[in-house]
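On a predicted model such as this, the values are computed, not experimentally measured, just so you know. The chains referred to below are lettered A, B, ... by the order of the sequence lines, with proteins before strands, and numbering in each begins at 1.
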There are 2 protein chains.
Amino acid sequence: MAPRDPKDGGAGDGGGAGAGAADPEADIETPLLASSSSSFFLDPAGEDGDDGADERRRRRRRLLLGSHTQSNTTSQVALVGADVCPIQSLDYELIENDVFKQDWRARGRGHILRYVALKWALCFLVGALAAAAGFVANIGVENVAGAKFVVTSNLMLEGEHGSAFAVFLASNFALTMLAAVLTVYVAPAAAGSGIPEVKAYLNGVDAPNIFSLKTLIVKVVGCIAAVSSSLNVGKAGPMVHTGACIASILGQGGSQKYHMTCKWLKYFKNDRDRRDLVTCGSAAGIAAAFRAPVGGVLFALETVSSWWRSALLWRAFFTTAMVAVVLRALIDFCKSGRCGLFGKGGLIMFDVAADYVTYQLVDLPPVITLGVFGGILGSLYNFFLDKVLRLYNLINEKGKTYKLLLAATVTVCTSCCLFGLPWVASCKPCPTNTEEACPSIGRSGNFKKFQCGMNEYNDLASLFFNTNDDTIRNLYSAGTDDEFHISSILVFFAASYFLGIFSYGLALPSGLFVPVILTGAAYGRLVGMLIGSQSTLDHGLFAVLGSAALLGGSMRMTVSVCVIILELTNNLRMLPLVMLVLLISKVVADAFNENVYDLLVRLKGFPHLEGYAEPYMRQLSVSDVVTGPLQTFSGIEKVGHIVHVLKTTGHNGFPVVDEPPFSDSPTLYGLILRDHLLVLLRRKDFVSSCTASALNTSKHFAHDEFAKRGSGKQDRIEDIELSAEELEMFVDLHPFTNTSPYTVLETMSLAKALILFREVGLRHLLVLPKSSTRAPVVGILTRHDFMPEHVLGLHPFLFKSRWKKVRLGGSHVGAGNDML
Amino acid sequence: MAPRDPKDGGAGDGGGAGAGAADPEADIETPLLASSSSSFFLDPAGEDGDDGADERRRRRRRLLLGSHTQSNTTSQVALVGADVCPIQSLDYELIENDVFKQDWRARGRGHILRYVALKWALCFLVGALAAAAGFVANIGVENVAGAKFVVTSNLMLEGEHGSAFAVFLASNFALTMLAAVLTVYVAPAAAGSGIPEVKAYLNGVDAPNIFSLKTLIVKVVGCIAAVSSSLNVGKAGPMVHTGACIASILGQGGSQKYHMTCKWLKYFKNDRDRRDLVTCGSAAGIAAAFRAPVGGVLFALETVSSWWRSALLWRAFFTTAMVAVVLRALIDFCKSGRCGLFGKGGLIMFDVAADYVTYQLVDLPPVITLGVFGGILGSLYNFFLDKVLRLYNLINEKGKTYKLLLAATVTVCTSCCLFGLPWVASCKPCPTNTEEACPSIGRSGNFKKFQCGMNEYNDLASLFFNTNDDTIRNLYSAGTDDEFHISSILVFFAASYFLGIFSYGLALPSGLFVPVILTGAAYGRLVGMLIGSQSTLDHGLFAVLGSAALLGGSMRMTVSVCVIILELTNNLRMLPLVMLVLLISKVVADAFNENVYDLLVRLKGFPHLEGYAEPYMRQLSVSDVVTGPLQTFSGIEKVGHIVHVLKTTGHNGFPVVDEPPFSDSPTLYGLILRDHLLVLLRRKDFVSSCTASALNTSKHFAHDEFAKRGSGKQDRIEDIELSAEELEMFVDLHPFTNTSPYTVLETMSLAKALILFREVGLRHLLVLPKSSTRAPVVGILTRHDFMPEHVLGLHPFLFKSRWKKVRLGGSHVGAGNDML
């Protein structure tokens, strides 16, 4: 170990002055700049320390305040679900050390076949279980919400409006509280849609419990309760999280706690295979939520995942095909009425294929108008959502009771709206030429009687007094131009727009997708009514296009939303119109702000690594951002020193440098991971002297011992007890060192280093000196070092050039990959 | 320049002993290993040399013989269209030299806005022009083939069978010859589907003329002629090539030859932006061919492109949306009969939505059978195609006349088949309950009279005596179960299966997509007839599923074929069945051989860089494959030496090393490109002495001067004339050197270096020494060094371990990225 301070080189008692992380002079004195960045992760050593806790509390405060401060996204914590949690990076690099290579060579054809078979089997399981979860959620919502509406409707029929309201309010309140209590006390990670968490995971950021079994169960149960409680929340987002949870749990390779590990599953104990599985899982989630298998694949591709390969496309497609098959079988099973109130109102599938859709040139202006205002409304949606979430974070931060109080407030307000607003609508006489019963008695149907007399119906109640799915179906259905009054649609639009915004940030599972579709459908009908006389299009078609416009304006997805809408409505002829609306609304909305998922990821403080470099990064070289002292190990290192370093730093990777007499000059041997060091220390396979002879420990280790643990789990140095004698011994790190770490020269531009880091999916990137006269490695770059906030914090003068970035057409065009 | 042989260091007269490339001792004596690999490209110096020509002839011979020799894919030539051409690598790396940085800093908001606006404008143009080209091709085919069928049918009606055959044969012969002569004499690159060439280009392999204007025109005209000539070829593949041509020509930044350059367009003079445009262009091609905008995007994503970003998805989507809009407008224009015979038979869109498709569990066994045999037939298709193409290559190699003779033979045989085979079918009485005229007179219609009497029709003629589009529509149409006799379908299936295989390799524009769809439709009907009694499905639906099965078996695409089929048939309800069939047929076929595009790319000898590493690459380090002496330049280099090196090597990138007195020790400054050196030499901005003072030439250069020239164009050192005096002068390379080249240590495993090379899209990867006592750079890796054939050639003992690879489920599972 070349330029280490001698004072802590020998001692290694773990009680040193913390020379590693705290010596400010190291920066100046030695050519070894290093990276404080590796401490980006969960710092296991500092968990109970006072300073660390204080700092974390401050960060948490900042995070919850949602202030756009620089340290926001670069801190070690993020808002996961409803709670602030420590996060850490994932490692997609292949750790090519001797142990791995031995294992690799030992693998025969049988191993590989087993691996492949297992991979497909897991995809099948993910698809089947995600479909089952989606089906359970649907049956749950249809039955719970259905029962509620039946009881309330019957009371309304009997004229007992007061008790109807009481039942409605009480059941909504109870359901919301059930969801909130479960979320707050059992699995805070299950709050929200979960898509930001999945997106962050697939970008390489892990957090405890995001994919735990508890989270999965609370997500499904909470989602049923929340959606049934008439809150304006959706189940698509939670389904994505559910699919990802299922995939992650299956890919964890069994459970050591319950002795359910199996030799077969060991192949999946790494971040790469888990990433693939979670990607398939999120695709399965959307496929299960909307019965849109192709849309699910495209959603995962376009929105959620950060890395993609052709083989993955094909596997995700297989997964969603399984979802479709299993869903189909389950629905067939329910056809005979075995699933209670589950019926037509079940899984979303709105047939607007009834009429042959034609459109002429004259229809284009209304459609373009729809797109433009959809873009504006969508970006406003994001704007309001941002403000409301910041406010909610402030309230949620005060404690669990406040979270519950907030949820209670919103559900009471929502119930009052849903029950109160229909009273402002006048009763409409039933149409005579309809096939449907009017007014419709029972739970579904377009013609809710509500307070009206016989042969009348309340059009606003038909919208408010239904599950979201049924309301969307009502709005989408063709040939219903006269069914709704314009004032009713206007009231409904405004109510669902704001209820959606106020419902999302509560501490319970809630999706954004369905509220946006619903609001968009109302918006589309409204536009259709306002300017519809100039167009030949049906208002139901306007509703579909309105949904597309608002989705385009808020989520900014293109191909996936397009396909999802087509699969939802089962009508391919609308494709050109849907594409047009999406293009326009996305372009318009991109002029104002970012898409809702990026907004949420930022708001939650996840250090999301973008695939492009900011323009100012071209002006910096790698050496401009590498900071702090670097900790290195010798090829044969003293146990005490390793323990000391692991205890005093939060770094997760350490360069291993061979020095004379083991090499002619100090030479970089490779990179060793904290996890692997912990395994070594736990095994206590030490030698007493620091000589080259008699060092051949690698044979004692199987590759599985170094397998990566499941999401959110990590070993701690504190759990390993070593005697004073053992601390004085040595350990040969060579067989466990990754001899092929990725490297850059210190003169490399930061932008190009970022591209390498991101494209290859790294956790550590070693920085080599330009001049051969210096130490063989001068620093480590981690995710943290590429975060704009960190870079701009180090070089504030670049801040103005940051705004060279132009956001147009959704692509960050000032950015390296795109621009020249 | 550190360890260069003094004898050629000073001389630099260009006539030295070629010490660079030919000195075998350099390998042993000096620590500077280098890469012969950079000579992978078109070697401009050796173009007229005897040895070079000989070697090239040998390679060409090997290539055309299609032997699986090792040098096949690593040679400097590939089969582009119908001719063997030199190829070279593309460079997606950002060349960050001083000139670039100056230009970068000078860019304001205006530049960026202009760039973005232009990017979208180009996408719009690509979409519009691709749609126009697709439309022209369609109108052309419909009118030419239509006229031919009208004349022939009329003669048949009059009973003049002999003259009908003569007209049919003569017109087919003339059309085929037109296509073949144009292709052979004007633009050989236009032969075939062009998809392998586009795929290779998007993987980073360029060849002259693949995207030239001549190629574009010949492709469109030849495609019309070839398809009209009743050859069993499609127009989807040529449309992809056409779209890519349009994109590449537009992205070339004007034409210097015709002084049509413009400041605005300069931003696009680099390989990255062109890659994006060509990707959008190929998506537009499929969108125009099938009117399948979403399918086009997915096709480009899944099959053609090697790199993909979210921003590109969105731009490709925009492009195909424009295709849809323009096509729609053009079709509307034609509705009033202004386009001759263009009508219902025009752009493919087969409506099978007439009936509400339902399927039960009992339908699954037939569908699964369809998938299994579809997979087998598809892989057999690839197998036969491979054999036939090798045979054709042997014939085509003999000269242009042979190419024409081959095309003539195949068209005569095809015409004989099409005209002769219907005679074996017995006439069927016209159905009484049909709305259509029977027998149909004129060009389209399901009931061709052919030789039959009144009120009879020949079902085989209805299939053979039509354009492919019409035949597919006939086969897809619902409620026609009794229209065709099983023997007719069987004859048609066999004929179109083999005609498709024998028609593809001719020297004329020809696609594979439509023949496979057609054959698959016949296959599906056949299966439907054989086992259809056990199923409730319509035979038209079986035909659709049969197409999917054969496409899955031959092309192995999944999501894109699925979406294309759905868009073609406008029926979303079939989605689960189509997915199922595709999954099964792909899995079955993958067990036998590779997909047809990979096969073609390999057969044509393109050095396609896969996204995964072969398992044996893990056993090698980078230093195991770096070979040959390395040429480096000093920071301030003698002009004569540069000229000498450029003339005697084919390398395209040279490390620049600073030596004392410019630095303390030999230090790597960066990498300079051949193209940039040529610009410097042409500008003759030399200095007389080799001192650090008074060197500041970069101000004289604008960034555009270093812009990358269009596809297939390259400057040559031979075109630059320098006086003896100038050769003795010096040039400062610093401002033109890319100071941020990507680097790996020589101990890096080859597999991981490949991942870096491929993911970041490099042309050159510098290899650094592990020990600091050696020269600062020890070699350069290029595409060639990662080719399995090259690696296995150097390390033959690895050959057996190569077969550790298991091909299952389409993913190379032994491969690094997938495995562990």
Q. What part of Asn738(B) is in contact with chain A, defined as an atom under 4.5 angstrom from a non-hydrogen atom: side chain, backbone, both or neither?
A. side chain

Q: Return the minimal non-hydrogen interatomic distance between Lys770(B) and Leu668(A), and the atom names on each side.
A: CE-O, 3.4 Å

Q) Does the pair Glu96(B)/Lys752(A) count as a salt bridge with the N-to-O cut at 4.0 Å? A) no

Q | Closest contact, heavy atoms only, Ser749(A) versus Ser740(B) | A | N-OG, 2.9 Å

Q. Are Pro293(B) and Met579(A) close enough that some pair of their side-chain heavy atoms sits under 4.5 Å apart?
A. yes

Q.
Would you compute the distance between atom CZ of Arg618(A) and atom CZ of Phe100(B) and round it to the nearest 0.5 angstrom?
A. 5.0 Å

Q | Pick from Thr320(A), Thr747(A), Leu582(A), Leu745(A) with the largest number of heavy-atom pairs that fall under 4.5 Å of chain B | A | Leu745(A)

Q) What residue, out of Leu768(A), Thr303(A), Thr739(A), Leu313(A), has the most heavy-atom pairs lying under 4.5 Å from chain B? A) Leu313(A)

Q) Which region of Val744(B), side chain (C-beta onward) or backbone (N, CA, C, O), has a non-hydrogen atom less than 4.5 Å from a non-hydrogen atom of chain A, or is it both or neither? A) backbone

Q: With a 4.5 Å cut-off on heavy-atom pairs, point out which of Ala321(B), Pro769(B), Ala329(B), Ala324(B) contacts chain A the most.
A: Ala321(B)

Q) Looking only at heavy atoms, which two atoms of Val760(A) and Leu756(B) are closest? And how far apart? A) CG2-CA, 4.1 Å

(Q) Counting heavy-atom pairs under 4.5 Å with chain A, which one of Thr667(B), Val559(B), Val563(B) comes out on top? (A) Val559(B)

Q) Which atoms of Leu298(B) come close to chain A, meaning under 4.5 Å heavy atom to heavy atom: side chain ones, backbone ones, both, or neither? A) side chain

(Q) Does any backbone or side-chain atom of Met557(B) lie under 4.5 Å from a heavy atom of chain A? Answer side chain, backbone, both or neither. (A) neither

Q: Looking only at non-hydrogen atoms, find the nearest pair between Pro741(A) and Met748(B) and report the distance.
A: O-CE, 3.6 Å

Q: Report the distance from atom CG of Leu566(B) to atom CG of Leu575(A), rounding to the nearest 0.5 Å.
A: 11.5 Å

Q: Nearest 0.5 Å please: distance from the CZ atom of Phe318(A) over to the NZ atom of Lys586(B).
A: 12.5 Å

Q: Against chain B, work out which of Val294(A), Val325(A), Val297(A) has the most heavy-atom pairs shorter than 4.5 Å and name it.
A: Val294(A)

Q.
Just checking Phe124(A): does its CZ atom have more than 12 heavy atoms from other residues, nucleotides or ligands closer to it than 6.0 angstrom?
A. no

Q) Rounded to the nearest 0.5 Å, how far does CG of Leu301(A) lie from CH2 of Trp308(B)? A) 8.5 Å

Q. Which heavy atom of Ala753(B) sits nearest a heavy atom of Tyr742(A), and at what distance?
A. N-OH, 4.5 Å

